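Bear in mind that the values here come from a model prediction, so they are computed numbers and not experimental data. Letters go in sequence order (proteins before strands), and every chain restarts at 1.
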Amino acid sequence: MKPVFALVDCNNFYVSCERAFNPRLAGRPVVVLSNNDGCIVARSDEAKALGIAMGVPAFEVADILEKNNVHILSSNYTLYADMSDRVMQTLSAFTPEIEIYSIDEAFLNLAALSKNPIECARRIKATVKKWTAMPVSIGIAHTKTLSKIANRIAKKSPDAGGVFDLTSAGDIDALLGTIAVEHIWGVGIRTAIKLKKAKIKTALDLKNADTYWIRKKFGVVGLRTVYELRGDVCYCLEENPPTKRQVAVSRSFGEPVDDVGKLKEAAAAFAVRAGEKLRQEKLFANLISVFVTTSPFIKNKYFNSQTAAFEVATNDTTELICTACLCVEKLYRKGCLFKKCGVILHSLVSENQIQHNLFDAADREKSKRLMRTVDLINTRFEASLHWAAEGLKQPWQVKFKRRSKRFTTDWSDLLEVA
DNA sequence: TCTGGGGTCCTAGGACCC
DNA sequence: TCTGGGGTCCTAGGACCC
């Protein structure tokens, strides 16, 4: 049976999360900002209509925001993650054939669920709205790439009502002719420029392109996109997420850092968080990379990274901190104003894949018990245990000046209705 | 003045082996 | 003096995604 992919995509996800708990935001232009209130990462339809682009620095559009009385919010990831869980759980109630693709998107296979996918999708859309207050759009097609396009049509076309089915659409080619190449899933800015130079401007052009030429110029990835546009499945539904290949924690600083001690504290704090993620996934790292960078927008920018190997793969926070700090010592450069730092753990393995060392001096059992206890306390009492290496005063901490409350994950932030 | 974060996959090229 | 060919593994960098 041919798969029938339904791509469910939350509309303006971060903004919709905020609106779910603040009805006064309905109908108003709203934007959500990235860390340190730097860039615009989500916009309501009203904000999009003002010409505010995705990803632009907030200061560049400051006057538009001001003039139009746009409601500006810092991002509130705790709230968004919890809302995402609720949406995904609702979708899972319809079918086990679901792939959670990102915080605000999921692919479903409707083939076995219903003979009438569009009616089914409308039911899903209504249920998600009712149970979670989240507006979604749904695109249906026989490949993932086409379902992305169907979703785009569902969002843009006023008479679609938020649901569009390409499998029952009459003239698919006519529709593909209206989609610019840069709006195809898998075609980024660089590929789009190259394609346009070759007079390939729409999804229809790409569908009919010469596969030999595509393979040569854009590799197998480009080729897959062409086949998917033709309706041949290259990307299946991935119901079980593959194990992570890397874990990264990086932040731009709220204030620039010029002191090696402070830089180490930041790296230590990121190593702590990376260790938590690693243990959540029950993984161990063979390698750690640390990078530091000044602002990329200044004249004498400086970027550097260091990679170190562990003797035995580890997820022990103490060990991660020590190695991260050694890396920072090698990376630090006097006189630089550092703006960002990050810790990346890679070459990850599960416990039974660890290559042990005959002369290993570490007490791995003790470390395991300690980490388990720390994690337990921090889950139970919300991050109450810290490592001294993280420092007490953290001037580099990310700043969120306009953050909404943790409505769904903190008792003291519970919404009150008067 | 102010510019996010966390991932994946693919490819080319070097090191190394027989 | 003249110095092959085929394979694997690893890594860095590019491109893309949300």
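A salt bridge does not link A:Arg402 with A:Glu18: every distance from a Lys NZ or Arg NE/NH1/NH2 to an Asp or Glu carboxylate oxygen is 4.0 Å or more. A salt bridge links A:Asp173 to A:Lys207: at least one charged side-chain nitrogen sits closer than 4.0 Å to a carboxylate oxygen. Between A:Lys148 and A:Glu105 a salt bridge is recorded (basic side-chain N to carboxylate O distance below 4.0 Å). Between A:Lys368 and A:Glu351 a salt bridge is recorded (basic side-chain N to carboxylate O distance below 4.0 Å).
In this entry the distance linking OH of A:Tyr235 with C1' of C:dC16 reads 10 Å, nearest Å. Between the C1' atom of B:dT3 and the CD1 atom of A:Ile52 lies a distance of 16 Å, rounded to the nearest Å. What separates CD1 of A:Ile100 from P of C:dC18 is a distance of 16 Å, to the nearest Å. Atom CZ of A:Arg245 is separated from atom P of C:dT11 by 12 Å (rounded to the nearest Å). Following rounding to the nearest Å, A:Tyr77 (OH) and B:dG6 (P) show an atom-to-atom distance of 9 Å. Going from atom CZ of A:Arg190 over to atom P of C:dC17 covers 12 Å, rounded to whole Å. As a whole-Å value, the separation of A:Leu337 CG from B:dT3 C1' is 16 Å. In this structure, CD of A:Glu66 is placed 15 Å from C1' of B:dC2, rounded to the nearest angstrom.
Contact annotation: A:Ser250 reaches the phosphate of B:dG6 (side-chain N/O to OP1 or OP2, under 4.0 Å). Contact check, A:Lys277 against B:dG7: a side-chain N or O comes under 4.0 Å of OP1 or OP2. The phosphate of B:dT3 (OP1 or OP2) has no side-chain N or O of A:Ser34 nearer than 4.0 angstrom. The side chain of A:Asn36 places no N or O atom within less than 4.0 Å of a non-bridging phosphate oxygen (OP1 or OP2) of B:dG4. A close approach under 4.0 Å does occur between a side-chain nitrogen or oxygen of A:Lys339 and OP1 or OP2 of B:dT3.
Taking only side-chain atoms of A:Val41, from C-beta outward, the nucleotide of B:dC10, B:dG4, B:dG6 with the closest atom is B:dG4. The A:Phe297 side chain lies nearest to B:dT3 when the options are B:dT11, B:dT3, B:dG6. The side chain of A:Val220 approaches B:dC10 more closely than any other nucleotide in the set B:dC10, B:dG4, C:dA15. Nearest nucleotide to the side chain of A:Ser252, out of C:dC18, B:dG4, B:dG6: B:dG4. When distances are taken from the side chain of A:Cys39 to each of B:dG5, B:dT3, B:dG6, the shortest belongs to B:dT3. Across B:dT3, C:dC17, B:dC10, the shortest atom-to-atom separation from the side chain of A:Pro57 is found for B:dT3.
A:Gln246 contributes no side-chain N or O that, together with a main-chain N or O of A:Ile344, makes up a donor-acceptor pair within less than 3.5 Å. Panel note: side chain A:Lys339, backbone A:Phe253; a donor-acceptor pair is recorded below 3.5 Å. Remark: the backbone N or O of A:Val70 is not paired with any side-chain donor or acceptor of A:Asn68 at under 3.5 angstrom.
Within 4.0 Å of A:Lys148, counting heavy atoms only, lie sugar-phosphate atoms of the nucleic acid but no base atom. Among the protein residues, A:Leu33 comes within range of no part of the nucleic acid, since none of its heavy atoms lies under 4.0 Å from any strand. At a threshold of 4.0 angstrom between heavy atoms, the contacts of A:Gln246 include nucleobase atoms, whether or not backbone atoms are also involved. Residue A:Leu223 is classed as having no contact, given no heavy-atom separation below 4.0 Å to the nucleic acid. The residue A:Arg224 sits close only to the backbone: its heavy atoms come under 4.0 Å of sugar-phosphate atoms, none of a base. Nucleic acid contact for A:Tyr101: sugar-phosphate only, since backbone atoms but no base atoms lie under 4.0 Å from a heavy atom of the residue. At a threshold of 4.0 angstrom between heavy atoms, the contacts of A:Val398 with the nucleic acid are absent. At the heavy-atom level, A:Val187 lies under 4.0 Å from the strands shown only through sugar-phosphate atoms. Within the 4.0 angstrom heavy-atom criterion, no nucleotide atom of any strand lies near A:Asp37.
For B:dG4 and C:dC17, the C1' atoms lie 15 Å apart once the distance is rounded to whole Å.
Along DNA chain B, the nucleotide nearest to A:Ala58 and the one nearest to A:Lys244 differ in position, and the one closer to the 5' end is contacted by A:Ala58.
Stem regions annotated for DNA chain C: B:5-18 with C:5-18, counting only runs of 3 or more consecutive pairs of Watson-Crick or G-U type with both contacts under 3.5 Å.
The aromatic rings of A:Phe21 and A:Phe407 lie parallel to each other, their planes meeting at an angle below 30°, with 60° marking the opposite boundary.
Partners of A:Tyr14 according to the ring pair (Phe, Tyr, Trp, His ring centres under 6.0 Å) rule, which considers only residues two or more places apart in sequence or in another chain, are A:Tyr80.
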